[in-house]
Amino acid sequence: MPPRTLLVENFICRSCLSTLRKQAPAAQWALRRSLSQATQPLASESPSHVSRDQELERQKTLETLGLLKGRKNEAVSVNYFEQGKGGKLRRLRDEDEFGQRLMDPDGEMETRLKEMEQELEQATQFTKIVEEIWGKHGAEKLRKRVASQDESLPKPALLLHEEDWPPQGRIYIVQLNNMIRTVGRKVHSGVLAPKRISSLWKYYSAARITLSKRWESVHADIWDLLWQILAADHENNPNRMSHIYTLAKDMQKAGISLRGDQRLLAIEATFINGFREEAITTHKKLVTTLGAAPETFVEFWQLGLRMYCLVGDMARAERVVNTLLGSPHETDARFLIPFIRMCAENPATAEKGFELYQRLRSALGDSITIEDYDQVISYFLASSQTEFAFYIFVEMMTSKTVDLRGTHKLPASVASPFFYGKWLRRLIAAGDLQGAYNVLLHMKSRGVMPQAIVVNGLIGAWLRSGTADNIQKAEEVAWAMINARMQFLGIRKDMQNLAAFVRLRQYGEGWPRANLETFSLLAENYRNRGIHNKMEELWTAFRQAEIAPDSFILNQLLFSYLQDGQGKHVAALSRDLANQYQVEPDSWTFLVLWQALPVNRLVQIPPGQLLEEISRTRSLFAEMVKSAHIFATSGIDAQLARYVLHSFRKLDDKHGLLLAYRALRQIFKFKTPDIIVLELHVGSMDLERTGKGRSGNRLMHAGKQIEGYMKQRHQELIASGQLGAADNMPDDVKQKELEDFLEALLQSRITENESTGQLLAQAAIEMGLHGEVTSFEPSF
């Protein structure tokens with residue numbers, strides 16, 4: 001009870017009490033002021049109805065109680081008392097204790113304040129955890145949920161309580177919690193990396209058996225976070241539908257009510273995972289709920305349409321289409337595309353599919369895109385309904401200004417190889433090779449001759465695909481074009497012996513005549529596949545076709561001979577073809593010629609033929625020097641230079657090797673890679689095998705020697721002032737130093753005597769380098 005002063009109610013006279021009752025009750029905050037201030041107006045007031053004797057008596061009573069100030073500045077002493085529950089009075093120390101007991105009668109205020117501080121600190125820590133996992137937006141959303149929910153319900157939990165699970169499965173719960181903490185901090189900052197999503201799914205899958213024993217312990221907020229990550233529609237989540245299927249099943253077992261959008265995703269995931277009947281049955285059960293709700297109406301029926309189209313249920317799919325078309329809800333007309341595809345697959349319903357396409361085109365209007373046209377065209381082409389596909393392509397290319405329905409003769413602007421060529425190029429670029437082939441057949445049926453360059457593009461795409469069916473089609477079409485070429489040449493030859501007014505017309509399947517590109521495509525494919533007999537057959541046809549060859553097709557023929565084990569004929573064949581057709585060799589020609597040398601084909605050269613092979617190798621190098629201009633633009637290929645240098649090394653032609661390397665640097669501007677430097681130092685073209693054998697120490701020694709030389713040169717450059725003390729060797733300087741090292745190494749392997757200069761001069765003449773490279777210099 002509130003404290004009060006002693007004897008106020010028992011010893012104050014009636015007149016004073018009457019005066020006190022007339023005053024308004026003081027506010028709670030005013031009770032703490034001193035009682036002397038509160039009684040000052042009482043002492044000064046003298047009611048008119050009180051007699052003199054009564055006033056004197058009242059003054060004496062107030063003076064006795066110490067409530068009447070004698071003088072204005074005289075101090076007044078006030079005592080405060082508190083009455084306990086048993087009626088016992090206790091004197092208070094001072095005014096401060098009086099105020100404290102007045103505000104906190106039971107003495108629990110300090111304890112309560114400490115409890116509130118602890119609760120506030122816990123709430124602050126909880127808020128930080130929520131913001132780390134859910135982000136500020138998610139934390140605010142969670143606060144609103146907590147404020148709106150019933151106090152009797154459990155509060156949201158972001159992590160699983162690890163102590164509530166059995167010991168044998170607790171490790172999986174701990175791992176899942178750790179992963180939730182990791183991904184929770186990143187999920188609101190952007191899309192998670194594929195590794196994070198797969199890791200979360202791995203730990204969730206490992207914990208499923210343990211979770212299944214107490215599904216009720218998994219709070220709805222944890223399910224929301226798992227769904228948000230594992231059901232994300234992004235390229236980083238390739239197994240999205242599999243995740244949704246499993247997650248939705250577990251949430252239902254846990255008693256979590258799925259939202260409308262989650263139910264639709266669960267049905268789609270069930271269908272995609274192979275449980276088609278289950279998905280369709282579930283979809284039928286939700287017709288009166290999700291199928292009638294405005295927020296899920298369109299998505300629900302479009303999902304049903306896609307499923308019915310995939311299972312081939314034409315009747316139900318058509319009913320769904322009518323439902324969507326007749327609904328008041330706004331829909332994207334592209335929902336018709338799956339139904340158009342199903343109609344196009346069946347020749348009996350292809351007409352209906354084309355009519356639906358026209359409805360789609362009218363509904364979309366100017367918003368229809370090239371991708372929409374291409375998608376619908378591909379459906380008709382895949383089912384060999386090329387006529388309808390051609391109508392749609394014409395509408396796309398002419399902006400719907402040309403309608404071919406019912407026309408027997410195509411307009412000149414459409415019935416041309418150039419117009420069809422645009423279509424073929426689009427299909428080939430999109431990878432629809434079967435559709436492009438159907439277009440070719442449609443062109444022939446319409447009497448339009450396709451261009452050879454377009455057909456060659458399709459042949460090349462077929463061959464690059466590598467499948468047996470496509471390669472067979474490519475060969476059939478290419479040889480049909482070769483036959484058309486032969487027939488044309490035969491007609492041209494026969495017309496020379498006929499009268500001027502007689503004209504012969506080509507007959508056949510209507511394929512264009514083969515050209516050099518057609519033969520080159522087949523030659524490259526036969527060479528890559530190692531079919532030398534077909535290559536010889538192709539070469540025979542090529543010579544009869546009276547087409548001037550180029551270096552590419554000649555190189556394919558030479559490589560084919562080399563792969564067939566007939567490398568000894570490559571050099572002679574190359575010279576004959578070059579003389580016959582006046583074709584200049586290129587880098588690939590020299591590569592096959594160097595690979596065809598006996599030193600690169602045979603395991604060992606007989607000692608009696610060594611000088612002959614050295615002479616042959618030097619002569620080939622001389623031919624390459626004569627054609628040095630062909631390497632001026634793109635430079636010499638590293639693989640070709642590698643074969644050149646190793647050919648001299650294998651023959652132990654030290655003079656020729658030194659001159660060849662100098663020529664490659666000075667004439668062909670060859671930049672030597674590090675690997676070639678190491679190969680020539682070790683004396684092997686297979687460093688991997690050399691490192692595994694007994695020569696491994698030699699390889700290690702060569703590497704250390706090169707490294708030591710480069711360090712020495714680095715220090716010398718620093719000492720000469722060309723580099724700073726802390727500067728690394730620039731790449732161009734490092735390249736030059738490596739090349740200088742190799743040249744000095746090759747030179748050091750030549751025994752220096754009186755005949756050294758003469759031998760170098762003779763080798764230079766044989767290699768076509770007389771006066772081109774520097775003379776012999778002292779070795780390092």
Side-chain angles (χ1 to χ4, degrees), residues 233-235 264 268 272 297-312 314 317-327 329-347 349-407 410-411 413-414 419-439 442-443 461:
D233 187 8
H234 195 270
E235 60 181 2
L264 293 177
E268 186 176 3
I272 292 177
F297 179 88
V298 175
E299 291 78 7
F300 175 83
W301 289 110
Q302 288 183 358
L303 173 60
L305 176 61
R306 293 195 298 270
M307 292 193 299
Y308 292 137
C309 288
L310 289 174
V311 298
M314 176 70 71
E318 191 168 3
R319 287 201 295 269
V320 173
V321 168
N322 295 331
T323 301
L324 287 169
L325 291 176
S327 69
H329 302 283
E330 183 178 357
T331 59
D332 187 352
R334 292 180 178 86
F335 77 86
L336 291 171
I337 291 180
F339 190 62
I340 294 173
R341 178 178 184 175
M342 184 174 62
C343 294
E345 291 175 350
N346 189 351
T349 57
E351 182 74 23
K352 180 186 293 186
F354 184 78
E355 294 174 355
L356 285 171
Y357 150 74
Q358 291 180 318
R359 186 163 187 171
L360 168 69
R361 184 197 62 197
S362 301
L364 293 178
D366 294 336
S367 64
I368 190 169
T369 63
I370 297 295
E371 289 75 17
D372 296 330
Y373 281 115
D374 289 340
Q375 193 172 10
V376 176
I377 289 172
S378 66
Y379 294 155
F380 286 99
L381 285 177
S383 57
S384 299
Q385 302 296 325
T386 314
E387 194 71 22
F388 290 115
F390 182 63
Y391 294 158
I392 300 173
F393 179 75
V394 171
E395 291 183 356
M396 179 185 72
M397 297 300 294
T398 61
S399 300
K400 299 175 287 186
T401 58
V402 178
D403 187 4
L404 300 180
R405 294 295 303 277
T407 59
L410 298 178
S413 60
V414 173
F419 186 84
Y420 275 99
K422 297 178 182 178
W423 192 9
L424 286 169
R425 291 187 183 93
R426 287 183 59 84
L427 294 173
I428 294 171
D432 188 2
L433 305 184
Q434 181 59 42
Y437 183 58
N438 291 337
V439 172
H442 180 265
M443 290 179 65

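It should be emphasised that the depicted structure is a prediction, and the values quoted were computed from it without experimental measurement. We're numbering straight along the sequence, starting at 1.
Between the side chain of Asn438 and the backbone N or O of Leu381 there is at least one donor-acceptor pair closer than 3.5 Å. Using a distance-only test at 3.5 Å, with no hydrogens or angles considered, no donor-acceptor pair links the side chain of Thr349 to the main chain of Lys352. Panel note: side chain Asn346, backbone Cys343; no donor-acceptor pair is recorded below 3.5 Å. Between the side chain of Thr386 and the backbone N or O of His442 there is no donor-acceptor pair closer than 3.5 Å.
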Is there a side-chain contact (heavy atoms from CB on, under 4.5 Å) between Glu268 and Arg306 once you walk through the steps?
CA-CA 9 Å; Glu268 186 176 3; Arg306 293 195 298 270; 4.1 Å; yes
Apply ring-ring contact (aromatic ring centres under 6.0 Å, His included) to the pair Phe393 and Tyr420, showing each step before the final yes or no.
CA-CA 10 Å; Phe393 179 75; Tyr420 275 99; 8.2 Å; no
So Phe380 and Phe390, side-chain contact (heavy atoms from CB on, under 4.5 Å) or not? Walk me through it.
CA-CA 9 Å; Phe380 286 99; Phe390 182 63; over 6 Å; no
Passes side-chain contact (heavy atoms from CB on, under 4.5 Å), Ile377 versus Phe388? Steps please.
CA-CA 8 Å; Ile377 289 172; Phe388 290 115; over 6 Å; no
Starting from the C-alpha separation in whole Å, work towards a yes-or-no answer on side-chain contact (heavy atoms from CB on, under 4.5 Å) for Asp372 and Arg361.
CA-CA 9 Å; Asp372 296 330; Arg361 184 197 62 197; over 6 Å; no
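Using modelled atom types and a 3.5 Å distance limit, the side chains of Glu318 and Asn322 yield no donor-acceptor pair. For the 3.5 Å distance criterion, the side chains of Tyr357 and Glu395 qualify, holding a donor opposite an acceptor.
A distance of 8.5 Å separates CG in Asp332 from CG in Leu360, rounded to the nearest 0.5 Å. Atom CG in Leu433 sits 9.0 Å away from atom CG in Leu427 (nearest 0.5 Å). Atom OG1 of Thr323 and atom CG of Leu305 lie 10.0 Å apart (nearest 0.5 Å). Distance check, rounded to the nearest 0.5 Å: CG of Leu424 to CZ of Arg426 gives 12.0 Å. Here the CZ atom belonging to Phe335 is positioned 4.0 Å from the CG atom belonging to Leu325, to the nearest 0.5 angstrom. Residue Phe297 holds its CZ atom at 7.0 Å from CH2 of Trp301, rounded to the nearest 0.5 Å.
With Tyr308 as the fixed residue, the side-chain contact (heavy atoms from CB on, under 4.5 Å) test singles out one of Val320, Val321, Leu303: Val320.
Around CZ of Arg334, the count of heavy atoms belonging to other residues, nucleotides or ligands within 6.0 Å exceeds 12.
When all heavy atoms of Ala344 and Gln385 are compared, the pair lying nearest together is O-CG, 3.8 Å. The shortest non-hydrogen separation linking Gly435 to Asp432 is N-OD1, 3.0 Å. In terms of heavy-atom proximity, Asp374 sits nearest to Met396 at OD1-SD, 4.1 Å.
Salt-bridge annotation for Glu355 and Arg359: absent, with no side-chain N of the basic residue lying under 4.0 Å from a carboxylate O of the acidic one.
The salt bridge (Lys or Arg N to Asp or Glu O under 4.0 Å) search around Glu351 returns Arg405, not counting sequence neighbours.
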